[in-house]
Amino acid sequence: TFDKNRNYVITSNVSQLYEHGTYDLDRFQVMENLNCVLPKRLTFNAGYNYSTTQQDNLFVKGQSINASLSHQLYQDNLRR
């Protein structure tokens with residue numbers, strides 16, 4: 001969190017998984033997310049994911065990026 005109002009938040013998740021048995025599995029994954037509450041009722045959200053998976057003779061590397069900009073059209077007066 002960059003500020004006390006939580007208008008700018010970064011979350012990170014890093015994991016490593018080893019499974020051994022009939023089929024051995026090795027997976028590494030990183031997930032990053034940025035959420036920003038902007039003026040004029042705008043919200044920006046962005047994320048990045050990276051992963052590698054190895055199982056027997058198979059090796060997979062993946063990456064993805066996403067981003068969105070949202071606008072709240074009206075004020076919800078029911079929330080207090």
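What's counted below: heavy atoms across the whole structure, side chains too, no hydrogens, waters or symmetry copies.
Atom CD1 of Ile65 sits about 9.5 Å away from atom CG of Asn49, to the nearest 0.5 Å. To the nearest 0.5 angstrom, Gln54 atom CD is 10.5 Å from Tyr18 atom OH. For the atom pair CD (Gln72) and CG (Leu42), the distance works out to 10.5 Å, reported to the nearest 0.5 Å. Going from atom CE of Met31 over to atom OG of Ser15 covers 5.5 Å, rounded to the nearest 0.5 Å.
Considering only heavy atoms from C-beta on, Tyr48 stays 4.5 Å or farther from Val30 through its side chain. Side-chain contact check for Leu38 versus Leu69: some heavy-atom pair is nearer than 4.5 Å. Proximity of Thr52 to Val60: side-chain heavy atoms (C-beta onward) are nowhere separated by under 4.5 Å.
Evaluated for a side-chain hydrogen bond (donor to acceptor under 3.5 Å, both in side chains) with Asp26, the options Gln16, His20, Gln55 yield exactly one hit, Gln16.
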| query | Would Asn35 and Phe44 satisfy side-chain contact (heavy atoms from CB on, under 4.5 Å), going step by step from the backbone distance to the final call? | reply | CA-CA 6 Å; Asn35 191 324; Phe44 176 74; over 6 Å; no

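Of all non-hydrogen atoms in Arg41 and Leu73, the two that sit nearest each other are NH2-O, 4.1 Å. In terms of heavy atoms, Leu34 sits closest to Ile10 at CD1-CG1, 3.6 Å.
Side-chain contact of Tyr50 with Glu32: a donor-acceptor pair under 3.5 Å is absent, judged by distance alone.
Atom CZ of Phe59 sits in a crowded spot, with more than 12 heavy atoms from other residues, nucleotides or ligands closer than 6.0 Å.
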